[in-house]
Amino acid sequence: MSGREIVTRFKKASASQGINQECVEVAETADGGRAVQDSKDRDGGTQFYGPGAWAGLIGAVKAGSFGP
């Protein structure tokens with residue numbers, strides 16, 4: 001299995017609900033990382049994060065490192 005193999009369905013982030021909201025979808029990958037895409041532009045590509053990078057991103061978001 002490749003680390004970029006998507007093993008779950010994409011799920012829209014709970015903060016991305018509503019008509020005019022930014023829409024981010026996340027799926028799990030075979031290596032425990034995540035795949036991320038824009039639900040309004042699924043053909044625009046998918047970003048892949050390994051398990052360590054994903055954990056670092058989530059930790060930074062929870063710590064408020066990206067603003068208010």
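- Within the 3.5 Å criterion, the main-chain N or O of Val7 finds no donor-acceptor partner in the side chain of Arg9.
- Of all heavy-atom pairs between Arg34 and Thr29, the closest is N-OG1, 3.6 Å.
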Which donor-acceptor pairs under 3.5 Å do side chains of residues 46-64 form with protein atoms, sequence neighbours excluded?
unit_1	atom_1	unit_2	atom_2	d
Gln47	OE1	Tyr49	OH	2.6

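- Comment: Arg42 engages Glu25 in a salt bridge, judged by a side-chain N to carboxylate O separation of less than 4.0 angstrom.
- Annotation for Ile6 and Thr8: closest pair CG2-O, 3.2 Å, computed over non-hydrogen atoms.
- Take Glu28 and apply the side chain to side chain donor-acceptor pair (under 3.5 Å) test, not counting sequence neighbours, and it matches no residue.
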